[in-house]
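Report on the following structure.
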Amino acid sequence: RVAFTKRIFITTVTLLSFSITTFAQSIPDYIEELVNREKQFSKTSAEKGIKEAFLSVLYPDGIVFRPQPINGVNYFKSIEGIPGQLTWEPIYADVSNDQTLGYTTGPFEYKIDQNGETVANYGQYVSIWIKPKKKWELMVDLGISHEKQSFAPQFEYSNPMTFGMKRATLDFIAEEQQKHSMEILKATDELYCTALNEGKVENSYKEFLSNGVRLLRNNNLPVLGKTKSIEFLNKQQVEFLYKADRAYSAPSRDLGYTTG
């Protein structure tokens, strides 16, 4: 969700998921719960405003990009409000096996009145959610801007692969496994960033991008799939400096993310 600020062109978020994508027919309860939370978030934004919507869902340590990552609660409490109407629709969702970490992505629309006319801006958002207790809370919010899509994408979700990817029964074992998983994830992201910074671009994309990658870049519609993503990235004439910063993994170790 970026219509009212600059974001993510030099910010990276990487999601790691051991799952299989499924087109929605009968949506599992754990996916539907997260999707409904996202839809209610959007409804609150339309009815009560952007600021109130974010404050109703943000985790205390949740971050938003303005354009650098900052604490979302502190940011929204510090501003009077954001004019205009922002709405969005999840078209893809994934939830960890232990149902404590998930994310959705999809198109957003931002409308604002300017000189007596309604101006609309469009883009793609990503919400990363955690479930520390009984409800989903927003941990990371980011997005890109692009032209209006000419079609409505079909909703999809990921089925977690359950072999060996479950939270340990004993808490101290689960905590150690989660810590180890986050260390591996951050080290992998650092390796990826280092390779890109050293100019090993194409080989890095081939090595690290998954077949189901969803690539978001400002002023471009989402690029789906490894082959198309590599083709797109190889055509880019800009250079970036990548730096890994934050890594988090679900206790079940099948879903995690990094920011930087």
Side-chain angles (χ1 to χ4, degrees), residues 2 7-25 27 31 88-96 101-108 122-128 140 142-161 163 165 184-244 247 249 253-260:
V2 292
R7 294 201 203 169
I8 195 177
F9 208 80
I10 57 172
T11 301
T12 63
V13 171
T14 304
L15 287 150
L16 171 67
S17 174
F18 296 95
S19 57
I20 301 172
T21 297
T22 304
F23 287 99
Q25 294 176 347
I27 302 175
I31 293 289
W88 57 94
E89 179 73 19
I91 54 95
Y92 188 87
D94 192 3
V95 173
S96 63
L101 177 64
Y103 70 94
T104 76
T105 184
F108 72 76
Y122 305 92
Q124 203 82 187
Y125 81 89
V126 177
S127 295
I128 301 178
V140 180
L142 67 155
I144 61 164
S145 295
H146 58 62
E147 64 185 16
K148 185 178 181 180
Q149 287 182 284
S150 60
F151 62 94
Q154 182 179 357
F155 179 77
E156 303 172 70
Y157 67 92
S158 288
N159 261 337
M161 301 168 70
F163 50 90
M165 291 294 180
I184 293 175
L185 179 57
K186 186 171 184 180
T188 302
D189 196 39
E190 288 173 346
L191 181 63
Y192 175 53
C193 291
T194 298
L196 290 176
N197 292 335
E198 291 177 351
K200 303 171 184 177
V201 176
E202 187 169 358
N203 288 337
S204 298
Y205 294 148
K206 290 179 180 178
E207 178 71 21
F208 290 97
L209 295 185
S210 72
N211 290 329
V213 63
R214 307 175 75 89
L215 180 68
L216 304 184
R217 288 294 184 270
N218 236 1
N219 302 317
N220 291 276
L221 293 172
V223 183
L224 307 182
K226 184 173 183 176
T227 300
K228 290 183 178 179
S229 294
I230 291 176
E231 290 175 356
F232 173 88
L233 290 167
N234 284 338
K235 293 178 181 178
Q236 302 308 297
Q237 301 298 317
V238 293
E239 293 184 2
F240 298 103
L241 178 63
Y242 295 88
K243 182 179 179 181
S249 169
R253 296 162 290 140
D254 60 321
L255 181 63
Y257 71 88
T258 67
T259 62

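As the structure is a computational prediction, the values presented were derived from the model and not from experiment.
- For the atom pair Y122 OH and E147 CD, the distance stands at 11.0 Å (nearest 0.5 Å).
- The nearest pair of heavy atoms linking S210 to K226 is O-CB, 3.4 Å.
- Taking CD1 of I91 as the start and CD of Q154 as the end, the distance is 10.0 Å to the nearest 0.5 Å.
- Between I144 atom CD1 and N219 atom CG the span is 8.0 Å, to the nearest 0.5 Å.
- For the pair R214 and Y92, the cation-pi criterion (under 6.0 Å, within 45° of the ring axis) is fulfilled.
- Side-chain contact check for Y125 versus T104: some heavy-atom pair is nearer than 4.5 Å.
- To the nearest 0.5 Å, atom CZ of residue F155 and atom CD1 of residue I31 are 6.5 Å apart.
- Counting heavy atoms from C-beta on, the side chains of Q124 and T105 come closer than 4.5 Å.
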*Just do the side chain to side chain contact (heavy atoms under 4.5 Å, CB included) check on V213 and V223 with the steps written out, would you?*
CA-CA 8 Å; V213 63; V223 183; over 6 Å; no
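- By the 4.5 Å heavy-atom criterion applied to side chains, L209 and L215 are not counted as neighbours.
- Scored by the salt bridge (charged side-chain N to carboxylate O under 4.0 Å, His left out) test, K200 finds E198 as partners (sequence neighbours excluded).
- Annotation: side chain of N220 is not in contact with side chain of H146 (no heavy-atom distance under 4.5 Å).
- Here the side chain of S96 pairs no donor or acceptor atom with the backbone of L255 at under 3.5 angstrom.
- Between L101 and S249, the closest heavy-atom pair is CD2-C, 4.5 Å.
- Remark: of the listed residues V126, D189, L185, V140, V140 is the sole one forming a side chain to side chain contact (heavy atoms under 4.5 Å, CB included) with Y257.
- Q149 has its side chain within reach of L221: a pair of non-hydrogen atoms, C-beta onward, lies under 4.5 Å apart.
- Side-chain atoms of N218 come within 3.5 Å of backbone N or O of S145 as a donor-acceptor pair.
- Salt bridge status for K206 with E202: present, with a side-chain N to carboxylate O gap under 4.0 Å.
- Between the OH atom of Y103 and the OG atom of S158 there is a distance of 5.0 Å, given to the nearest 0.5 Å.
- If you take OG1 on T194 and OH on Y192, they are separated by 12.0 Å, rounding to the nearest 0.5 Å.
- Minimum heavy-atom separation, A244 to C193: N-SG, 3.9 Å.
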